[in-house]
Asks: 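There's a structure below that I have some questions on.
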Amino acid sequence: MTTQNIATGTSTPTLRQQLGARKPVEAFMAEAGNGTGGPKLRRTLGLLHLTMISVGATLGTGIFVVLSSSVPMAGPAVWISFAIAGLAALFAALSYAEMAGAVPVSGSSYTYTYATMGEGLAWICGWCLVLEYAVSVAAIAVGAGEYLNEMARTLGVDLPAALTNPPGTDGGVFNIPALLIVLFATVLLVRGTRESAMVNTVLVFIKIAVLLFFIVIAFSAFTSGNFDPLLPMGTAGVSAAAARLFFSYIGFDAASTAGEEARNPQRDLPRAIVLSMVIITSLYILVAISAIGARQWNWFEGKEAALAQLLQEVTGQGWVALFFAAGAVLSIVSIVITVLYGQTRILVAMSRDGMVPAVFGRISPRNGAPVAGTWITGSAVALVAGLVPLGQLADATSIGTLFAFSLVSLAVVILRRTQPELPRTFKVPFYPLTPILAILFCGYLMANLGVSTWVVFGVWMLVGAFIYLGYGRRHSKLAADWGSFRK
């Protein structure tokens with residue numbers, strides 16, 4: 001095996017050596033499907049399932065949850081913000097597609113970084129993924145309370161704000177709907193991958209239908225004058241909104257975490273990632289344009305469940321808002337299922353390497369799923385969803401995601417140089433321009449996030465460093481096998 005792990009005559013590497021140690025791609029491929037002992041993950045997912053995992057993890061967040069807070073930042077040009085964020089995501093998605101075809105395992109960007117840049121950056125990337133996946137699940141679930149409230153108001157019922165609103169906003173204390181949605185997704189996932197994938201596929205088709213329904217109704221009230229002025233907040237507002245809306249695109253990499261449960265991962269993973277990005281970006285921009293066309297941009301400020309309210313105003317029919325709000329809740333359930341799925345599979349990969357406790361990698365002999373790790377992860381995320389406000393979660397998630405995406409794009413360049421002979425079922429077009437543009441776009445969006453978000457990210461990284469030094473470095477399987485590696 002070729003690796004940068006250096007045998008020094010001792011059984012323990014120095015910290016510097018271990019941080020730079022790369023795990024060979026061949027080793028990842030040999031371990032594919034394994035847990036931390038016992039049964040293996042089962043290969044049950046085809047192209048449709050993988051595409052729906054990617055779409056399910058992505059489609060809906062920016063429309064159902066974050067749109068109403070982004071329109072006041074960008075004005076009518078919010079659709080441009082979606083396009084900018086989508087372009088950055090597309091460049092990153094193409095890099096993911098190449099890496100998923102070359103290294104089709106569960107670890108996603110954590111694995112890609114470990115194989116190309118070493119254990120230190122791999123840990124940082126994995127720690128970012130914990131922020132991206134687990135915290136984004138909580139952030140998305142928080143938005144469910146808004147649409148449940150809208151459904152209840154349509155039926156003439158007022159739900160208690162303390163139990164349905166995000167904590168710290170509008171009287172919210174503990175978000176019960178968010179908690180219950182995460183627990184429902186957890187229960188579904190522990191039943192098995194195939195079962196949860198089938199449920200998700202149905203939910204994705206429902207939410208696509210709901211969004212198309214909204215587009216048709218909103219365009220019936222379209223007024224071109226609502227786009228004048230296009231940039232009331234200037235280009236800075238468009239950039240700031242794009243940075244926030246990038247949160248809406250983070251789910252596509254969930255498909256890459258299914259590499260060890262896909263029937264033909266090297267063929268289907270790249271296709272699923274690219275296809276899902278086309279579907280998602282098109283729908284996001286269409287919904288944004290139709291929404292602004294139906295109502296002036298300042299109408300959205302302070303609105304909860306804005307799109308459901310817009311439909312009710314346009315049609316004058318309460319059942320329309322009820323239908324849309326119900327679709328939004330189902331959409332959020334789909335996102336929670338797929339993103340939580342991605343989180344548990346990344347933890348399986350990290351546990352195999354000794355970066356996190358082995359319990360996260362134990363596979364159930366009954367259904368071939370990491371049941372114990374799913375229960376632990378789901379329970380922790382459910383508590384966060386019930387107790388933490390949405391805005392803080394969304395922004396913190398964006399910065400961790402952007403950093404991880406940058407590393408994947410860099411991994412494409414490094415792996416092309418170090419292992420040009422490695423079989424690749426997909427190659428990014430216009431190499432090396434595409435991965436370089438992905439890195440630049442991600443850096444641009446990171447720079448437009450607020451100071452408080454950077455502070456949260458810095459604290460998160462500091463906590464991660466202490467965990468790595470206290471646990472990951474001591475339990476690293478690569479370090480334990482140090483003497484068996486050569487240049």
Side-chain angles (χ1 to χ4, degrees), residues 32-33 40-61 63-64 86 89-90 92-94 96-106 108 133 137 140 184-185 188-213 248-284 286 327 330-346 348 367-370 374 424-426:
K40 292 188 174 186
L41 295 167
R42 296 176 183 173
R43 295 193 179 275
T44 60
L45 305 178
L47 176 61
L48 177 63
H49 293 126
L50 295 170
T51 304
M52 293 300 102
I53 286 174
S54 185
V55 175
T58 310
L59 183 61
T61 310
I63 295 300
F64 294 118
L90 177 60
L94 292 172
Y96 264 93
E98 174 164 332
M99 294 302 296
V103 193
V105 295
S106 291
S108 185
Y133 280 86
V137 167
I140 294 159
F184 169 76
L188 184 61
L189 286 170
V190 299
R191 289 181 61 84
T193 300
R194 183 176 178 82
E195 291 79 1
S196 56
M198 291 175 62
V199 171
N200 173 67
T201 298
V202 173
L203 293 177
V204 170
F205 279 114
I206 290 174
K207 68 178 172 182
I208 290 176
V210 168
L211 287 174
L212 291 175
F213 173 78
S248 310
Y249 290 90
I250 66 172
F252 71 81
D253 57 331
S256 68
T257 67
E260 295 173 28
E261 292 165 281
R263 290 195 292 266
N264 192 340
Q266 290 176 307
R267 183 195 67 185
D268 291 343
L269 284 176
R271 294 180 181 182
I273 291 171
V274 174
L275 180 58
S276 67
M277 282 302 301
V278 173
I279 296 171
I280 292 157
T281 305
S282 300
L283 282 172
Y284 276 170
L286 281 173
L330 291 177
S331 296
I332 290 169
V333 172
S334 170
I335 298 168
V336 171
I337 291 170
T338 48
V339 177
L340 190 60
Y341 166 84
Q343 173 67 94
T344 58
R345 271 48 182 184
I346 288 169
V348 168
N367 59 14
T374 300
R424 292 168 172 83
T425 55
F426 177 87

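Atom set for the values below is all heavy atoms of this structure, side chains included, hydrogens, waters and symmetry mates excluded.
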Asks: Got a second to check how far Thr374's OG1 is from Leu340's CG, nearest 0.5 Å?
Replies: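 Spacing of OG1 (Thr374) from CG (Leu340) equals 7.0 Å.
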Asks: How would you list, by chain and number, every residue that makes a side chain to side chain contact (heavy atoms under 4.5 Å, CB included) with Arg191, sequence neighbours excluded?
Replies: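 Side chain to side chain contact (heavy atoms under 4.5 Å, CB included) list for Arg191, sorted by chain: empty.
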Asks: Any heavy-atom pair between the side chains of Leu90 and Thr281 that's under 4.5 Å?
Replies: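 Of all side-chain heavy-atom pairs linking Leu90 with Thr281, none is under 4.5 Å.
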Asks: Among all residues two or more places apart in sequence or in another chain, which pass the side-chain hydrogen bond (donor to acceptor under 3.5 Å, both in side chains) test with Ser108?
Replies: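 Checked Ser108 against side-chain hydrogen bond (donor to acceptor under 3.5 Å, both in side chains); matches are Ser256.
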Asks: Distance check, rounded to the nearest 0.5 Å: Leu47 atom CG versus Leu269 atom CG?
Replies: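 Leu47 CG to Leu269 CG: 9.5 Å, rounded to 0.5 Å.
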Asks: Please find the pair of heavy atoms, one from Val336 and one from Ala185, that lie closest to each other, and give the distance.
Replies: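 The answer is CG1-CB, 3.6 Å.
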Asks: Answer whether the closest heavy-atom distance between the side chains of Leu330 and Val210 falls below 4.5 Å.
Replies: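 No, side chains not in contact.
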Asks: I need the minimum non-hydrogen distance between Gly101 and Gln266, along with the two atoms involved.
Replies: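 It is O-CG, 3.3 Å.
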Asks: For the CG atom of Leu94 and the CE atom of Met99, what is their distance to the nearest 0.5 Å?
Replies: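 Spacing of CG (Leu94) from CE (Met99) equals 14.0 Å.
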Asks: Roughly how far apart are Ser282 OG and Leu211 CG, rounded to 0.5 Å?
Replies: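 The distance works out to 12.5 Å.
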Asks: The criterion is side chain to side chain contact (heavy atoms under 4.5 Å, CB included); which residues satisfy it with Ala92, sequence neighbours excluded?
Replies: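 Ala92: side chain to side chain contact (heavy atoms under 4.5 Å, CB included) contacts with Phe252, Phe405.
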Asks: Please check this pair: side chain of Lys207 against backbone of Gly56, looking for a donor-acceptor N/O pair closer than 3.5 Å.
Replies: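 Yes, because the side chain of Lys207 sits within donor-acceptor range (under 3.5 Å) of the backbone of Gly56.
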Asks: Show the nearest heavy-atom pair for residues Ile280 and Val55, with the distance to one decimal.
Replies: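 Closest pair (atom of Ile280, atom of Val55, distance): CD1-CA, 4.0 Å.
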Asks: So Ile53 and Leu45, side-chain contact (heavy atoms from CB on, under 4.5 Å) or not? Walk me through it.
Replies: CA-CA 10 Å; Ile53 286 174; Leu45 305 178; 3.9 Å; yes
Asks: Holding to side-chain hydrogen bond (donor to acceptor under 3.5 Å, both in side chains), I want the full list of residues that pass it with Glu261, two or more places apart in sequence or in another chain.
Replies: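 If we apply the side-chain hydrogen bond (donor to acceptor under 3.5 Å, both in side chains) test to Glu261, skipping adjacent residues, the hits are Thr193, Tyr341, Arg345.
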Asks: Where do His49 and Thr44 come nearest, in terms of heavy atoms and distance?
Replies: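 Nearest pair, atom of His49 first, then Thr44: ND1-O, 4.1 Å.
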Asks: Of all residues at least two apart in sequence or in a different chain, which pass the side chain to side chain contact (heavy atoms under 4.5 Å, CB included) check with Leu275?
Replies: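 Leu275: side chain to side chain contact (heavy atoms under 4.5 Å, CB included) contacts with Thr51, Ile279.
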Asks: Can you give me the closest heavy-atom contact between Ala255 and Leu50, atom names plus distance?
Replies: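 For Ala255 and Leu50, the tightest heavy-atom pair comes out as CB-O, 3.8 Å.
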Asks: By side-chain hydrogen bond (donor to acceptor under 3.5 Å, both in side chains), which residues pair with Asp268, not counting sequence neighbours?
Replies: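 Checked Asp268 against side-chain hydrogen bond (donor to acceptor under 3.5 Å, both in side chains); zero matches.
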Asks: What residues form a side-chain hydrogen bond (donor to acceptor under 3.5 Å, both in side chains) with Ser54, not counting sequence neighbours?
Replies: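 With neighbours one apart ignored, the set is Ser276.
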Asks: Under the side chain to side chain contact (heavy atoms under 4.5 Å, CB included) rule, collect the residues that match up with Pro270, sequence neighbours excluded.
Replies: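 If we apply the side chain to side chain contact (heavy atoms under 4.5 Å, CB included) test to Pro270, skipping adjacent residues, the hits are Ala97, Thr425, Phe426.
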Asks: In chain order, what residues pass the salt bridge (charged side-chain N to carboxylate O under 4.0 Å, His left out) check against Arg424, with sequence neighbours excluded?
Replies: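 Result, salt bridge (charged side-chain N to carboxylate O under 4.0 Å, His left out) vs Arg424: Glu98.
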Asks: Going by heavy atoms in the side chains, are Ile337 and Leu203 under 4.5 Å from each other?
Replies: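 Yes, their side chains come closer than 4.5 Å.
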Asks: Using only atom types and a distance under 3.5 Å, with no angle test, would you say the side chain of Arg43 pairs donor to acceptor with the backbone of Gly259?
Replies: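 The answer is yes, because a donor-acceptor pair under 3.5 Å joins these two groups.
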Asks: Restricting to ring pair (Phe, Tyr, Trp, His ring centres under 6.0 Å), what partner residues turn up for Phe213, sequence neighbours left out?
Replies: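 For Phe213, the residues satisfying ring pair (Phe, Tyr, Trp, His ring centres under 6.0 Å) (neighbours in sequence not counted) are Phe323.
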Asks: OG/Ser196 to CG/Leu189 distance, rounded to the nearest 0.5 angstrom?
Replies: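 That separation rounds to 5.0 Å.
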Asks: Show the nearest heavy-atom pair for residues Tyr284 and Thr58, with the distance to one decimal.
Replies: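 Residues Tyr284 and Thr58, closest heavy atoms: OH-O, 2.6 Å.
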